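What follows is one structure encoded as structure tokens, with my remarks underneath.
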Amino acid sequence: MRIIEIKGNDKKELVKKYLDRTDNPNPEIESSVADILKKVRQSGDEALRYYTKGFDRVDIGEFKVSEEEIEEALSIVGDEFIEVLKSAYKNIYDFHKKQVETTWFEEMRDGVRLGQKITPIERVGIYVPGGTAGYPSTVLMTAVPAVVANVGSITMVSPPNRDGKIDPYILSAAYVSGVKDIYKVGGAQAVAALAYGTESIPSVDKIVGPGNIFVATAKRQVFGTVGIDMIAGPSEIGILADKNADPKYVAADLLSQAEHDVKAASILITEDMDFANSVSEEVEILKNKLKRNEIVDQSLENYGIIFVADSKEECIDMMNIVAPEHLEILWEEPENYIDRIVNAGAIFLGQYTPEPVGDYYAGPNHTLPTGGTARFSSPLGVYDYIKRSSLLSYDRSALVKDANNIMDFAKNEGLTAHAAAVEVRVNNGD
């Protein structure tokens with residue numbers, strides 16, 4: 001891995017130079033996705049079958065997954081992994097239960113009651129990548145907070161394999177999560193079906209879940225017609241560590257992200273050059289043992305980097321500029337540094353909390369802001385599946401007391417009808 005000393009350099013420029021993964025808009029993809037959305041909106045299931053045949057190389061008769069297909073998936077997966085899924089479900093459920101907001105309505109001033117009404121979104125669509133690989137963890141992480149939020153209807157879409165079926169691990173996770181409306185369709189066409197509805201697939205109010213560039217582009221283009229969670233990009237991990245950490249642990253954790261994608265970023269920031277060299281050596285030893293070592297090699301060549309700073313304070317400043325999706329703090333007493341971290345999707349504390357515990361099992365959501373967007377966004381949670389409505393109630397005496405101030409605001413904005421709506425009440429209709 002490349003080792004770069006921060007000394008005297010502009011930290012933001014270093015991050016931009018070595019870690020910028022911004023994709024320039026691709027007019028061809030934008031146009032192709034727009035065309036897919038238009039055709040699905042116009043032709044419904046017919047267009048879905050056309051694109052599924054073209055992209056997934058399979059003819060689909062019935063899009064909805066049957067109970068028999070669910071039972072077949074459960075038998076393939078086996079009872080042991082079903083129990084693993086149930087255990088993970090409980091952990092994820094218990095964590096997200098802490099995020100539940102409640103409606104409140106109380107007297108704030110004499111004659112004035114104000115509050116907030118919490119309402120679950122009625123219909124949510126979950127996109128789960130599939131086809132050549134299955135991601136049951138994505139099912140749990142997107143479905144469980146929706147269940148906790150009491151969403152009225154959860155629809156799941158996932159691309160079929162060449163046999164016209166969805167990965168059995170995905171279906172098993174859906175079963176454990178209580179998701180029953182599952183459809184064999186993927187790509188931009190699946191996003192279109194969720195946004196606009198077809199003869200087989202009902203439209204939803206919000207679409208969540210990760211996907212490739214076509215799925216991400218489709219989500220961006222349908223936003224406004226429906227809500228979306230985020231536009232997810234390539235994954236990244238940032239690690240803060242020094243000589244007291246085990247370089248094997250650090251190397252293993254850097255590689256755990258590098259195997260995701262050739263654009264995944266693996267970043268260590270340390271104040272110890274000897275430790276940086278030790279980690280780099282361990283990476284070289286460990287990476288050749290990995291199944292996806294070609295992806296790992298390219299990922300590390302593109303975005304694998306070790307920054308060496310003068311102090312822990314400078315390490316933290318640099319990491320806040322990176323704003324990583326996953327942040328591991330492997331310094332001693334890592335809790336002491338939490339307050340200094342202002343930009344991170346999820347923070348993993350200590351040498352025995354590697355990033356995979358968050359990916360699969362611990363409880364917090366693994367759908368996290370990527371590409372530096374942790375500067376302004378948060379992990380997927382129950383709050384993404386609810387709406388907040390403000391509640392307001394004035395009695396007459398309270399309105400009379402505030403009337404002049406309200407009317408002054410309205411008149412200064414040139415909205416005399418607004419002022420009149422107050423005046424007619426305080427002057428008894430005169």
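Since the structure is predicted, the reported quantities are computational estimates derived from the model, not experimental observations. Each residue takes its place number in the sequence, starting with 1.
By the 30° and 60° cut-offs, the orientation of the rings of His326 relative to Phe348 is tilted.
A heavy-atom distance below 4.5 Å is found between the side chains of Ser266 and Leu300. Annotation: side chain of Arg162 is not in contact with side chain of Val58 (no heavy-atom distance under 4.5 Å).
Salt bridge Arg123/Asp205: absent, no basic N to carboxylate O contact under 4.0 Å. Salt bridge Lys312/Asp242: present, at least one basic N to carboxylate O contact under 4.0 Å. For the pair Glu101 and Arg388, the salt-bridge criterion is met [side-chain N within less than 4.0 Å of a carboxylate O]. Remark: Lys219 engages Asp229 in a salt bridge, criterion side-chain N to carboxylate O under 4.0 Å. Taking the charged nitrogens against the carboxylate oxygens, Lys11 and Asp317 have no contact shorter than 4.0 Å, which rules out a salt bridge. Salt-bridge formation is detected for the pair Lys184/Glu69: a Lys NZ or Arg NE/NH1/NH2 atom is positioned less than 4.0 Å from an Asp or Glu carboxylate oxygen.
For Glu335, the CD atom counts as densely surrounded, since its 6.0 Å shell holds more than 12 non-hydrogen atoms of other residues, nucleotides or ligands. Other residues, nucleotides and ligands contribute only 12 or fewer heavy atoms inside 6.0 Å of the OH atom of Tyr360. Dense packing is recorded around CD of Glu107, with more than 12 heavy atoms of other residues, nucleotides or ligands lying under 6.0 Å away. Annotation: Phe95, atom CZ; neighbour count of heavy atoms from other residues, nucleotides and ligands within 6.0 Å is above 12.
Checked against the 6.0 Å centroid criterion, the rings of Phe81 and Tyr169 qualify as a close aromatic pair.
A donor-acceptor contact under 3.5 angstrom links the side chains of Gln257 and Ser235, judged on distance only.
Residue Val250 is tested with Asp253, Asp246, Leu254 for a side-chain contact (heavy atoms from CB on, under 4.5 Å); the sole match is Leu254.
Between Gln42 atom CD and Leu37 atom CG the span is 11.0 Å, to the nearest 0.5 Å.
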